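The structure presented is a predicted model; accordingly, all values stated were derived computationally and were not measured. So you know, we letter chains A, B, ... as the sequences are listed, proteins then strands, and number each from 1.
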Protein chains: 2
Amino acid sequence: MGITIDDERLDAMFAALADRTRRDIVARLSTGEATVKELAAPYPMSLQAVSQHIGVLERCGLVSRGRHRQTRPCRLEPQVLESAVLWIEESRRVWAERMDRLETHLADLQEPQQR
Amino acid sequence: MGITIDDERLDAMFAALADRTRRDIVARLSTGEATVKELAAPYPMSLQAVSQHIGVLERCGLVSRGRHRQTRPCRLEPQVLESAVLWIEESRRVWAERMDRLETHLADLQEPQQR
DNA sequence: CACTTGATAAAGCTACTGCTTGACTAATGG
DNA sequence: CCATTAGTCAAGCAGTAGCTTTATCAAGTG
């Protein structure tokens with residue numbers, strides 16, 4: 001029971017976000033579309049390397065590429081970020097509930113039974 | 001400006017969560033402490049492999065290991081999960097704000113200026 | 001047409017990951 | 001004391017990730 005999110009998608013998404021350059025690109029795209037060349041400009045690596053990073057983001061659904069003249073404008077697809085948040089929040093929820101029960105239990109022990 | 005979270009920590013955390021076995025261990029630990037042996041039991045891999053996975057989770061602050069008799073009870077440290085959620089929510093917030101402005105702008109274009 | 005620009009494809013190289021096995025340590029129990 | 005249990009350490013190996021360089025393609029521009 002509980003929300004089950006596709007494991008392969010989570011693998012790919014977390015792996016994609018585990019790279020600073022790719023997180024940077026995601027943050028940049030959250031402010032609007034950009035071409036590969038524009039995205040590559042700030043980095044000391046080749047355009048090809050950045051294109052490969054975008055490929056990783058595209059494969060896990062975080063980014064999509066369109067076509068306009070010779071350029072391939074990239075845009076963020078933020079919906080899938082939701083699945084990562086859902087997974088994290090689920091673990092935190094279970095842990096928090098357990099801590100609540102634990103505190104209640106400890107309080108019960110401390111306070112002698114009133115009967 | 002805005003919240004800046006330590007990049008190395010995010011690298012390590014997202015990389016740790018990019019593995020199904022490790023996500024599984026995190027989920028298991030959200031329901032309570034467990035020893036290495038207990039955590040390893042469900043998996044077809046060696047105890048050493050699971051111990052290494054726990055090491056990865058420990059290095060990024062998601063899990064801590066205590067000592068009790070011969071065992072090393074592991075427990076979840078869910079606070080650091082917060083930084084991952086914060087990073088994701090920041091990108092989504094920026095994107096959502098931009099979409100709001102875009103909608104407003106499009107509405108302004110559609111509706112002729114009233115003056 | 002040839003040339004430039006924006007981008008992908010493919011091959012190769014280094015470094016790291018996930019796993020294995022074998023050896024070791026540390027605490028408990030006969 | 002020796003044996004067992006729980007776990008770590010270390011070496012090795014196959015597979016992958018992140019880059020590079022070279023080559024190629026596709027869409028303007030002179």
Quiz item: Can you name the side chain to side chain donor-acceptor pair (under 3.5 Å) partners of A:Ser64, sequence neighbours left out?
Solution: A:Glu77
Exercise. Just jot down the side chain to side chain donor-acceptor pair (under 3.5 Å) partners of A:Glu97, sequence neighbours excluded, or say none.
Key: A:Arg93
Quiz item: In chain order, what residues pass the side chain to side chain donor-acceptor pair (under 3.5 Å) check against B:Glu58, with sequence neighbours excluded?
Solution: B:Arg65
Quiz item: If you look only at pairs with a residue in residues 41-57 of chain A, which of them pass as a salt bridge (charged side-chain N to carboxylate O under 4.0 Å, His left out), with sequence neighbours excluded?
Solution: none
Quiz item: Which residues satisfy the side chain to side chain donor-acceptor pair (under 3.5 Å) test with A:Arg23, sequence neighbours excluded?
Solution: B:Asp7, B:Asp11
Quiz item: Is A:Ser51 near enough to C:dT8 that one of its side-chain N or O atoms lies under 4.0 angstrom from OP1 or OP2?
Solution: yes
Exercise. Could I get the full list of side-chain contact (heavy atoms from CB on, under 4.5 Å) partners for A:Gln48, not counting sequence neighbours?
Key: A:Ser46
Self-check item: salt bridge (charged side-chain N to carboxylate O under 4.0 Å, His left out) partners for A:Glu38, two or more places apart
Solution: none
Exercise. Scan residues 18-31 of chain B against DNA chain D and write down, sorted by residue number, each residue with any heavy atom closer than 4.0 Å; if none is found, say none.
Key: none
Check: protein-nucleotides 21-30 of chain C nitrogen or oxygen pairs below 3.5 Å:
{"unit_1": "C:dG22", "atom_1": "O6", "unit_2": "B:Gln48", "atom_2": "NE2", "d": "2.7"}

Quiz item: What parts of residues 34-44 of chain B reach DNA chain D, counting only heavy atoms under 4.0 Å away?
Solution: B:Thr35, B:Val36, B:Lys37
List, one per line, each side-chain donor-acceptor pair under 3.5 Å for residues 68-76 of chain A, sequence neighbours excluded.
{"unit_1": "A:Thr71", "atom_1": "OG1", "unit_2": "A:His68", "atom_2": "O", "d": "2.7"}
{"unit_1": "A:Arg72", "atom_1": "NE", "unit_2": "A:Gly66", "atom_2": "O", "d": "2.9"}
{"unit_1": "A:Arg75", "atom_1": "NH1", "unit_2": "A:Glu33", "atom_2": "OE2", "d": "3.4"}

Exercise. For B:Leu47 and for A:Val56, locate the closest nucleotide of DNA chain D by heavy-atom distance; then report the residue assigned to the nucleotide nearer the 5' terminus.
Key: B:Leu47
Self-check item: Helix axis bend for the helix from C:dC1-D:dG30 to C:dG30-D:dC1 - C1'-based end axes, five pairs, 10° rounding
Solution: 0°
